[in-house]
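These values consider heavy atoms only, across backbone and side chains, with no hydrogens, waters or symmetry-generated copies.
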Amino acid sequence: MARETVFLGFGSNVGDRLDYCNRAITLLTLLPHSEVTGVSSLYETEPLADRGDPGPGWFLNGVVRMDTDVVPRSLLAVCREIESALGRDHAHRGEPRTLDLDILLYGARRLDETDLIVPHPRLHRRRFVLVPLAELAPDLVHPTLNRPIRDLLADVPDHTCVRLFSPPPSREFGSRSSCSVLADGDPGRCA
């Protein structure tokens, strides 16, 4: 099987959020038949209550780009294993979490299975996903909406606050460059 480019979203809103995010990225770099090729900046984001009670803690969110030949179902299993290894309680998925790891895009594939939908079904409606995704791949075209990520971000109805995390995160995973599509300095229209 040929390698495909995959985008994974990650986030944490309890404990040492930065440590959980960095550990998740480290574990992804160890995945056989895969190579992490980009990691977005980290963004602090307001919790959304559309799926349970995430608690009051703001999330740290980001996106990883990787090339892999691990099939989607196996990649989902790896994501769940990483979440569990970092203390995620899968019985209460909508509550505060040490780590959330989602497959956002898997090449141009479209999957609609019981527990695996790719592209992620809420990707285009969530600022906290689109901001770091646009940082890594602003011109990437969403496989079902046929629109560039940059345009999806410009039109996203979600107006929750998404702001660059400060102090800057570790650079051990390569370049986390500033986002050219956010030149206005106001990705989340924070008040």
Side-chain angles (χ1 to χ4, degrees), residues 1-12 20-43 45 59-83 85-86 99-113 115-156 158 162 164-165 169-182 187:
M1 180 175 161
R3 283 190 174 187
E4 293 189 61
T5 300
V6 175
F7 291 88
L8 303 171
F10 62 89
S12 173
Y20 286 124
C21 291
N22 281 334
R23 287 169 59 194
I25 296 164
T26 297
L27 292 170
L28 288 169
T29 65
L30 301 174
L31 185 62
H33 309 285
S34 305
E35 178 185 3
V36 171
T37 60
V39 180
S40 73
S41 298
L42 294 179
Y43 294 88
T45 65
F59 278 83
L60 277 188
N61 287 102
V63 170
V64 171
R65 179 184 57 226
M66 63 189 302
D67 292 335
T68 187
D69 62 7
V70 175
V71 297
R73 173 86 24 217
S74 295
L75 184 58
L76 177 64
V78 167
C79 290
R80 296 300 169 256
E81 287 175 23
I82 290 172
E83 288 176 341
L86 296 178
L99 186 75
D100 188 26
L101 193 56
D102 293 313
I103 301 173
L104 303 174
L105 297 163
Y106 193 107
R109 291 186 189 212
R110 301 175 194 182
L111 301 169
D112 191 356
E113 301 173 8
D115 59 345
L116 179 60
I117 301 173
V118 177
H120 191 285
R122 291 174 297 282
L123 175 159
H124 64 287
R125 297 192 319 246
R126 294 193 163 164
R127 181 173 298 281
F128 71 86
V129 172
L130 289 170
V131 169
L133 183 57
E135 179 182 327
L136 291 177
D139 298 320
L140 179 71
V141 175
H142 189 287
T144 56
L145 300 175
N146 297 314
R147 296 185 62 206
I149 299 303
R150 174 190 314 269
D151 292 352
L152 294 175
L153 176 58
D155 295 338
V156 68
D158 171 11
V162 175
L164 274 172
F165 179 65
S170 166
R171 297 241 179 236
E172 74 181 275
F173 305 109
S175 161
R176 285 183 167 139
S177 61
S178 60
C179 180
S180 61
V181 299
L182 304 176

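Taking the side chain as every heavy atom from C-beta outward, Arg109 and Pro143 never approach each other to under 4.5 Å. Between Ser12 and Phe10, the closest side-chain pair of non-hydrogen atoms is not below 4.5 Å. Leu104 places none of its side-chain heavy atoms less than 4.5 Å from the side chain of Leu8. With contacts defined as side-chain heavy-atom distances shorter than 4.5 Å, the pair Val129/Asp102 does not qualify. At a threshold of 4.5 Å between non-hydrogen side-chain atoms, the residues Leu130 and Arg127 do not count as touching. Here the side chains of Pro148 and Asp151 are in contact, with some heavy-atom distance below 4.5 Å. Contact check for Arg126 versus Val156: no side-chain heavy atoms found under the 4.5 Å cut-off. Residues Thr144 and Arg110 form a side-chain contact, since some pair of their non-hydrogen atoms from C-beta on lies under 4.5 Å apart.
Gly11 approaches Asn61 most closely through the heavy-atom pair CA-ND2, 3.5 Å. Counting all heavy atoms, side chain and backbone alike, Leu99 lies closest to Ala24 at CD2-CB, 3.5 Å.
Atoms CZ and CZ, on Phe128 and Phe59 in that order, are 7.0 Å from each other to the nearest 0.5 Å. Within the model, atoms CG of Leu31 and CG of Leu75 stand 6.5 Å from one another, a figure rounded to the nearest 0.5 Å. Taking CD1 from Ile25 and OG from Ser40, the interatomic distance works out to 7.5 Å, rounded to the nearest 0.5 Å. Between the CG atom of Leu111 and the CG atom of Leu116 there is a distance of 5.5 Å, given to the nearest 0.5 Å. Here the CG-CD1 distance, from Leu136 to Ile149, works out to 10.5 Å after rounding to the nearest 0.5 Å. Glu4 contributes atom CD, which lies 11.5 Å from atom OG of Ser34 (distance to the nearest 0.5 angstrom).
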Check against salt bridge (charged side-chain N to carboxylate O under 4.0 Å, His left out), Arg80 and Asp115: CA-CA 12 Å; Arg80 296 300 169 256; Asp115 59 345; over 6 Å; no

Verdict with reasoning, Phe7 to Val64, per side chain to side chain contact (heavy atoms under 4.5 Å, CB included): CA-CA 6 Å; Phe7 291 88; Val64 171; over 6 Å; no

Derivation of the side chain to side chain contact (heavy atoms under 4.5 Å, CB included) call for Thr68 and Tyr106: CA-CA 9 Å; Thr68 187; Tyr106 193 107; 4.0 Å; yes

Steps toward side chain to side chain contact (heavy atoms under 4.5 Å, CB included) verdict (Cys79, Ile82): CA-CA 5 Å; Cys79 290; Ile82 290 172; 5.8 Å; no

Leu140 vs Leu105, side chain to side chain contact (heavy atoms under 4.5 Å, CB included): CA-CA, chis, key distance, verdict: CA-CA 10 Å; Leu140 179 71; Leu105 297 163; 3.4 Å; yes

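Sorted by first and then second residue, the salt bridge (charged side-chain N to carboxylate O under 4.0 Å, His left out) pairs with a member in residues 138-148 read Asp139-Arg150, Arg147-Asp155; sequence neighbours excluded.
When atom types are taken as modelled, the side chain of Glu35 and the backbone of Met66 share no donor-acceptor pair closer than 3.5 angstrom. Checked by atom type and distance alone, the side chain of Thr26 pairs as donor or acceptor with a backbone atom of Asn22 at under 3.5 Å. A donor-acceptor pair under 3.5 Å is absent between the side-chain atoms of Thr29 and the main chain of Leu27, judged by distance alone.
Residues passing the side chain to side chain contact (heavy atoms under 4.5 Å, CB included) test with Leu145, sequence neighbours excluded: His124, His142, Leu152.
Using a 3.5 Å distance cut-off with no hydrogens or angles, the side chains of Asp67 and Thr37 do not pair a donor with an acceptor.
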